[in-house]
Asker: 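Okay, here's the structure, questions in a sec.
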Amino acid sequence: MEEKTYRVFLINPGSTSTKVAYYENETCILSRSIFHDSSVLLKYPTINDQLDYRMQCIRDLLKDSHLNITGLDAVVGRGGPCCSCESGTYLITPLLVKDTHDAKGHYYHASMLGVQMAHEVQKEYGCLGLMVDPPVVDEMCDEARITGVKGIYRRSGCHVLNSKETARHYARETGKKYEDLNLIIAHIDGGISITCHRHGRLIDLNDTGGGEGPLTPTRMGSMAVTDDLDYFWDMDKKEMKKLCSQGGGLTSWFDTSDAPKVYYEMVRRGDKEAERVWNAMLYQIRKWICMMAAPLEGKVDAILLTGGLLRVPGVIDNVTEGVSWIAPVKAYPGEFENDAMLHGALGVLRGEIQPKTYTGKPVWDGFHDEKENA
């Protein structure tokens, strides 16, 4: 019997781009990345306000590419800051759209547009809407949740979609199972996630959406609280959030989030300030990778590098030289997010995966003994 052809459209908004792809089964018909400079995005008061702008970019791309997606079977939107949930493939529902728009997961990042954009396509074409492994998937170990302020806990907010698919890809390449490996995975792009995976669970990470971790093309990275207080004293919350997710990092220093541009037009041409900041970003990436060896007690099977910035000359070599003493390093320039979203959609369409329904209840909402003693 001839296999049914399923038509799937993928939408993946990031801090500096909107990636879209159209597949017929596993065959990619169109794959494009629409770059958005931070100078344009910062004109919108909030990330949610970018919805119409980014949707129009997609419509323009489809028109220019002469691609008609009428008869679409499924659209998959990159997950965003809904309430924390389990890993898996989810149906897009009104509750999921609302909680993502409202950032119920306290994660302020362009991924909050993914489900909303997919819902717009879903309404227009009458297809199935899905989300796969949103950034708020929570598998953290208890020790990783605690902070030095009672009642305040660290959140899970990172590039879960690409990190987990990179882990599974490496496992398949090496003839092993993701669930049997200890891995450190660094997603290096407009945002930078350094994640620690123990036997198939993502147990620790930098809270990427909250501005924690290395400075990035768009994010300020970790700073001392005293410095934060001094600098942010007269700022409102919107200004602070922009530094955490849109206007920090290279954008703060050079008024652009275009990292290759900073490298080729400034670093390579001898700009000393640009060279210092660029090297500091790579230094901080190496430092956070090394930190993630501690939760695994040094028993690390591999360090995996992924993300678009690996295509910039010198990034892979610089990071590898600084961390290869911990474990073998494997680099995958680009990302596997399309693969993850496509596999989730085709699995549901073919009846191999039962999609989950988003409940609106956090998968973790405190320690039980705290509630008992309250």
Side-chain angles (χ1 to χ4, degrees), residues 2-37 40-41 50-80 89-92 110-134 159 161-162 165-166 168-169 187 189-191 257-258 260 306-311 332-350 352-353 355:
E2 185 176 346
E3 182 185 18
K4 176 177 172 58
T5 298
Y6 290 108
R7 309 178 74 193
V8 180
F9 192 62
L10 311 178
I11 304 176
N12 183 351
S15 55
T16 58
S17 67
T18 300
K19 300 182 181 71
V20 296
Y22 169 68
Y23 286 80
E24 293 181 358
N25 291 344
E26 283 84 0
T27 301
C28 182
I29 307 299
L30 174 75
S31 180
R32 295 286 189 276
S33 181
I34 306 167
F35 177 74
H36 313 294
D37 195 271
V40 175
L41 297 182
Q50 300 171 17
L51 178 61
D52 290 342
Y53 161 71
R54 294 206 190 207
M55 285 301 300
Q56 188 57 50
C57 288
I58 291 178
R59 294 187 185 98
D60 291 343
L61 174 64
L62 292 175
K63 182 179 179 181
D64 293 342
S65 303
H66 306 289
L67 179 63
N68 184 353
I69 59 173
T70 301
L72 203 61
D73 291 289
V75 58
V76 187
R78 178 184 179 184
T89 301
Y90 288 80
L91 296 169
I92 291 180
S111 61
M112 65 200 303
L113 295 169
V115 164
Q116 298 181 66
M117 296 172 80
H119 187 54
E120 294 297 310
V121 173
Q122 184 182 18
K123 289 188 295 183
E124 185 171 349
Y125 293 94
C127 59
L128 184 67
L130 298 168
M131 170 188 80
V132 180
D133 277 344
H159 296 86
L161 184 68
N162 188 41
E165 190 63 22
T166 300
R168 295 185 183 107
H169 184 88
H187 173 106
D189 211 334
S257 57
D258 189 339
T306 178
L309 282 191
L310 297 189
R311 298 190 179 100
Y332 299 97
E335 59 276 316
F336 294 104
E337 292 173 345
N338 280 2
D339 292 350
M341 292 192 288
L342 180 65
H343 292 159
L346 291 178
V348 170
L349 292 170
R350 291 167 176 165
E352 301 165 353
I353 296 174

Asker: Looking at Leu346, Val132, Ile92, which hits side chain to side chain contact (heavy atoms under 4.5 Å, CB included) with Val76?
Answerer: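 It is Val132; the other options fail the test.
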Asker: With rounding to the nearest 0.5 Å, note down the distance linking CG in Asp60 to CD1 in Ile34.
Answerer: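 Result: 8.0 Å between the selected atoms.
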Asker: According to side-chain hydrogen bond (donor to acceptor under 3.5 Å, both in side chains), who are the partners of Ser17, at least two apart in sequence or on a separate chain?
Answerer: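 side-chain hydrogen bond (donor to acceptor under 3.5 Å, both in side chains) check on Ser17 returns Lys19.
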Asker: Grab the two heavy atoms, one from Gly334 and one from Asn162, that are nearest each other, plus how far apart they are.
Answerer: O-ND2, 4.5 Å
Asker: Side chain to side chain contact (heavy atoms under 4.5 Å, CB included) between Val40 and Gln50: does it pass, once the steps are laid out?
Answerer: CA-CA 10 Å; Val40 175; Gln50 300 171 17; over 6 Å; no
Asker: Heavy atoms only: give me the nearest Arg7-Leu72 pair and the separation to one decimal.
Answerer: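 Closest heavy-atom pair between Arg7 and Leu72: O-CD1, 3.7 Å.
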Asker: Below 4.0 angstrom, N of the basic side chain to O of the carboxylate: do Arg59 and Glu120 qualify?
Answerer: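 So Arg59 does not pair with Glu120 through a salt bridge.
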Asker: Quick one: are Ile11 and Arg78 in side-chain contact, heavy atoms under 4.5 Å?
Answerer: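 They are not in contact (no side-chain heavy atoms under 4.5 Å apart), so the answer is no.
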Asker: So, using side-chain hydrogen bond (donor to acceptor under 3.5 Å, both in side chains) as the criterion, who are the partners of Tyr125 when residues are at least two apart?
Answerer: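 side-chain hydrogen bond (donor to acceptor under 3.5 Å, both in side chains) list for Tyr125, sorted by chain: empty.
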Asker: So, Asp189 side chain and Gly308 main chain: donor-acceptor pair closer than 3.5 Å or not?
Answerer: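 A pair under 3.5 Å: yes.
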Asker: Any non-hydrogen side-chain atom of Asp73 less than 4.5 Å from a side-chain atom of Thr5?
Answerer: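 No, every pair of side-chain atoms sits at 4.5 Å or beyond.
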Asker: Contact between Thr18 and Met55 at the side-chain level, heavy atoms closer than 4.5 Å - yes or no?
Answerer: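 Not in contact.
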Asker: Over all heavy atoms of both residues, which pair between Ile353 and Gly344 is shortest? Give the atoms and the distance, please.
Answerer: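 Closest approach of Ile353 to Gly344: CD1-O, 4.1 Å.
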Asker: Sort and list the pairs that fulfil ring-ring contact (aromatic ring centres under 6.0 Å, His included) and have at least one residue in residues 50-80, not counting sequence neighbours.
Answerer: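 Listed once each, the pairs are His36-Tyr53, Tyr44-Tyr53.
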Asker: My understanding is that only residues two or more places apart in sequence, or in another chain, count here; which of them pass side-chain hydrogen bond (donor to acceptor under 3.5 Å, both in side chains) with Asp64?
Answerer: none
Asker: Answer yes if the side chains of His119 and Gln116 hold a donor-acceptor pair under 3.5 Å, and no otherwise.
Answerer: no
Asker: Could you give the distance from SG (Cys57) to CZ (Phe35), rounded to the nearest 0.5 Å?
Answerer: 12.0 Å
Asker: With sequence neighbours excluded, tell me which residues meet side-chain hydrogen bond (donor to acceptor under 3.5 Å, both in side chains) with Glu335.
Answerer: none
Asker: With sequence neighbours left out, what residues match Phe336 under ring pair (Phe, Tyr, Trp, His ring centres under 6.0 Å)?
Answerer: His169, Tyr332
Asker: As an exercise, state the distance from CD of Glu165 to CE of Met341, rounded to the nearest 0.5 Å.
Answerer: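 Taking CD in Glu165 and CE in Met341, the distance rounds to 10.5 Å.
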Asker: Any luck finding a side-chain donor-acceptor pair between Asp52 and Gln56 under 3.5 Å?
Answerer: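 There is no such pair between these side chains.
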Asker: Tell me, yes or no, whether the heavy-atom count around Lys63 atom NZ, taken from other residues, nucleotides or ligands under 6.0 Å, exceeds 12.
Answerer: no
Asker: Indicate the atoms forming the closest heavy-atom contact of Cys127 with Ala74, along with that distance.
Answerer: CB-N, 4.0 Å
Asker: What distance separates His159 NE2 from Asp133 CG, expressed to the nearest 0.5 Å?
Answerer: 13.5 Å
Asker: Side-chain contact test, heavy atoms from C-beta onward, threshold under 4.5 Å: evaluate it for His187 versus Glu337 and give yes or no.
Answerer: yes
Asker: What are the two closest non-hydrogen atoms of Ala345 and Leu130, and how far apart are they?
Answerer: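 Answer, listing the atom of Ala345 first, then Leu130: CA-CD1, 3.7 Å.
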Asker: Looking at every non-hydrogen atom in both residues, tell me the closest pair between Ser111 and Gly79 and how far apart they are.
Answerer: CB-O, 3.3 Å
Asker: Please report the interatomic distance OG(Ser31) to OH(Tyr22), rounded to the nearest 0.5 Å.
Answerer: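 Between Ser31 OG and Tyr22 OH, I get 14.0 Å after rounding to 0.5 Å.
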Asker: If we only count heavy atoms from C-beta on, is the Phe9 to Ile58 side-chain gap below 4.5 Å?
Answerer: yes
